[in-house]
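First the structure, in the form of structure tokens, and then the observations on it.
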Amino acid sequence: MRSVIYSKPGPSSVLQLTEREPAAPGPDEVRVRVAVSGVNPTDWKARAGNRPLELDEVVPNQDGAGVIDAVGADVDDLQVGDRVWVFLAAHQRPTGTAQEFTVLPASRVVPLPDDIGFDVAASLGVPAMTAHRALTVHELGPAHLSPGSLDGRVVLVQGGAGAVGHAAIQLARWAGATVIATVSSDEKAALASAAGADHVLQYPDGALASKVRSIAPNGVDQIVEVALAQNAALDAEVLANHGSIAYYANNNGDEFTAPIMASFAKNARWQGVLLYTVGQEALAAAAHDISAALEAGALPVGEDAGLPLTWFGLEDTAAAHDAVEAGVTGKVLIRIADDLR
Ligand SMILES: NC(=O)c1ccc[n+]([C@@H]2O[C@H](COP(=O)([O-])OP(=O)(O)OC[C@H]3O[C@@H](n4cnc5c(N)ncnc54)[C@H](OP(=O)(O)O)[C@@H]3O)[C@@H](O)[C@H]2O)c1
């Protein structure tokens, strides 16, 4: 099979297209024939990192979708032929999705409804699971999302045209929240609106807090935050009592300061989110609820849905990584099997 590998960290030129024998799934594992691989910032960051690899050889990319073609012992709920999406494929394993077949623990493989395309499915893992976690850390719950579960809540999505931001808008709207999104341009405002945001505000803007306040006079209940170093003061200012600020990235700054009194006066919850360490319970909750949202058709992708797709071939995986690193708007996908749709 064709497989993209790297054996030392570095620029995208360390990625090599090579031939490898597909592995057989062990107990509690399945083998997936990959249709589409999804690329996220974490994939190029892991590849480019200064840390020595813990594994001799790594296949990159955490996210993907395809069809199960072999099942190991003790796997009861997945079968050969099932269409699936996968998450954390390359986490502490060499088995990312930039290859024609990958072997994964069954716990990281989720059935895909028949009418949902592999483009949607390969866009879910990192972005949608991170967004799910960010939306389920409020002090008063809910721990699960479903229609109506966020009724009456106001959610502020900072960076509404990003991949995580897009998924956060979609999931929050599906769950019944009123969504305010921030973006940096008219083009991105159109995308956040297409994703379903009720209100879209542009940053930077000295009047942003008062604009949020005029939409949500009682404050914002939940904030999904991509750039805490820049936005912490604004977040604290617009937060409602008992509100949560879920931050998942260090875009544009590695440290933040926050007003202590305003934070405790509002019983604010500053909640870090990292998918790799969030734990099995949160991952399972996300997979469950994302499946329900998929069934409801609530997570479309593409320009009309607010997430433009940029496609590459497997042989151009390095260019796909470079596109994500350069900050292309929307989702970068790699088509691996032309006959799987
Ligand atoms: N903790 C985790 O588990 C986890 C999971 C997923 C992603 N991440 C990290 O999260 C980051 C975003 O990932 P992604 O896939 O969503 O990337 P993306 O698609 O490139 O989106 C990043 C977004 O952040 C926006 N942004 C930057 N500064 C902002 C600010 N001050 N206010 C509001 N928005 C701002 C950008 O908009 P403009 O360019 O218009 O400013 C862009 O839309 C990456 O650093 C990634 O590594 C972490």
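Whatever order the structure lists ligands and atoms in, that order sets their numbers, starting from 1.
- Residue pairs meeting the salt bridge (charged side-chain N to carboxylate O under 4.0 Å, His left out) criterion with at least one member in residues 300-314: none, sequence neighbours excluded.
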Inset, instruction - Take His144 and His288, measure what ring-ring contact (aromatic ring centres under 6.0 Å, His included) needs, and give me the verdict at the end. - result: CA-CA 9 Å; His144 273 278; His288 176 274; 5.5 Å; yes
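- Counting only residues at least two apart or in different chains, salt bridge (charged side-chain N to carboxylate O under 4.0 Å, His left out) contacts with residues 89-106 comprise Arg2-Glu100, Glu29-Arg93.
- Geometrically, Arg83 engages Phe118 in a cation-pi contact defined by less than 6.0 Å to the ring centre and at most 45° from the axis.
- Phe101 carries Arg31 over the face of its six-membered ring, with the cationic atom under 6.0 Å from the centre and within 45° of the normal.
- Around ligand 1 you find Pro41, Lys45, Val126, Thr130, Gln158, Gly159, Ala161, Gly162, Ala163, Val164, Thr182, Ser184, Lys188, Tyr203, Val226, Ala227, Gln230, Asn231, Tyr248, Ala249, Asn251, Asn252, Val273, Leu274, Leu275, each with a heavy-atom distance below 4.0 Å.
- Judged as a ring pair (Phe, Tyr, Trp, His ring centres under 6.0 Å), and not counting sequence neighbours, Tyr248 has no contacts.
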